[in-house]
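Since the structure comes first, as structure tokens, the remarks are kept for the end.
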Amino acid sequence: MKVYHKVSDLRAWRGSVGNLSIGLVPTMGALHAGHLSLVERSKAENQLTVCSIFVNPIQFNDAQDLKNYPRTPEEDLTLLKAAGCEVVFMPDEKEMYPAPVRMRLYFGALEEVMEGAHRPGHFNGVGIVVSKLFNIVEPTRAYFGQKDFQQYLIIKRLVEDLSYPIELVCCPIVRQADGLALSSRNMRLSPQGRKQAPALYQALQEAKQRILQGESPKQVCSHISDKLNSTGWFQVNYLTLADSQTLMEVSHPQPNSEYVLCIAASIEGVRLIDNLLFTFA
Ligand code: PAF
């Protein structure tokens with residue numbers, strides 16, 4: 001497995017492999033089985049797989065969150081080697097941002113809700129770093145997890161608006177046996193917090209059942225958020241039923257349409273997100 005830290009070295013490698021199909025798995029490290037499922041999918045669909053590891057400072061709106069973000073570079077490289085990843089791109093901040101970025105990306109209504117509303121500037125930072133990675137790696141396909149569903153839709157818009165010749169692949173959420181969605185942030189939970197955390201997935205499932213039975217999405221989401229908040233463990237940022245393409249909140253779901261239930265909540269100061277995609281029957 002080759003490990004490159006410099007953009008020029010990655011580009012030289014990219015030039016040397018010509019027309020071979022390349023799958024890109026962009027990550028911020030602290031890798032887990034969810035990331036490895038993206039690598040596995042990329043390996044099945046491409047001749048070569050590049051995984052990038054870069055904790056992107058410009059997508060964090062909270063300096064403490066950036067400082068606390070888990071960093072496990074040695075373990076990450078061991079996992080990627082075992083997974084058969086061919087190339088790892090691990091630039092440092094100066095390499096990715098030799099000068100402060102001046103441009104701003106705006107994704108319209110898609111970024112005005114949920115993560116965009118709670119983390120100002122977040123999707124601008126994601127869009128810029130992903131554009132840079134696309135320009136540096138020039139992948140055939142790029143792999144993202146459904147757990148960050150809004151991020152996936154934002155990157156889809158980026159690819160459409162800027163005509164990147166890249167196929168995007170959205171891979172299913174990987175969960176632990178108790179339902180907790182895998183996230184690098186889970187490792188910051190105490191054993192007690194970890195025990196409570198699957199309540200987020202249970203909340204999504206309960207909301208889905210009640211909405212399918214005809215209850216009002218707004219009332220269901222508000223009732224379940226209050227229940228989570230009253231445990232004393234969670235501070236719910238949002239629990240919303242949205243259209244799976246526009247992410248606009250939905251009050252009256254229609255038969256045969258696809259929706260996404262999204263939740264974000266802090267537990268022990270760790271902000272977790274999760275979602276469920278489903279069709280209203
Ligand atoms: O999902 C992530 O880990 C990050 O947002 C990404 C896509 C690697 C950009 O920094």
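The figures here come from the full heavy-atom set of this structure, side chains too, leaving out hydrogens, waters and symmetry mates. The first residue of the sequence shown is numbered 1, and numbering continues consecutively from there. Treat the numbers as computed from the prediction; the structure is a model and nothing was measured. We count ligands from 1, going down the list as the structure has it; atoms in each ligand are counted the same way.
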Would you check if the distance from the ring center of F134 to the ring center of Y164 is below 6.0 Å?
yes
What's the separation between atom CD in E95 and atom CZ in F89, rounded to the nearest 0.5 Å?
6.0 Å
Which ligand 1 atoms, with their elements, are less than 4.0 angstrom from a heavy-atom of P26?
8 (C)
Among all protein heavy atoms in this structure, tell me which lies nearest to atom 5 (O) of ligand 1, with the distance rounded to 0.1 Å.
Q151 OE1, 2.7 Å
Transitive ILVMFWY cluster of V169 at side-chain heavy atoms under 4.5 Å: who else is in it?
M1, V3, V25, L31, L36, L38, V39, I53, L77, L79, L80, V88, M90, Y143
Mind jotting down which residue pairs meet the salt bridge (Lys or Arg N to Asp or Glu O under 4.0 Å) criterion with at least one end in residues 189-216? Sequence neighbours excluded, please.
D178-R194, E206-R210, E206-K227, R210-E215
Taking heavy atoms and a distance under 4.0 Å, where does T27 meet ligand 1: side chain, backbone, both or neither?
backbone
Inter-residue atom distance L182.CG - H35.NE2, 0.5 Å rounding:
9.5 Å
Note the single closest protein heavy atom to atom 10 (O) of ligand 1, along with its residue, its atom name and the distance in Å.
Q59 OE1, 2.6 Å
Here the atoms of ligand 1 under 4.0 Å from any heavy atom belonging to V129 are 9 (C), 10 (O)
Atom 3 (O) of ligand 1: the protein heavy-atom neighbour that sits closest, reported with distance to 0.1 Å
M28 CG, 3.6 Å
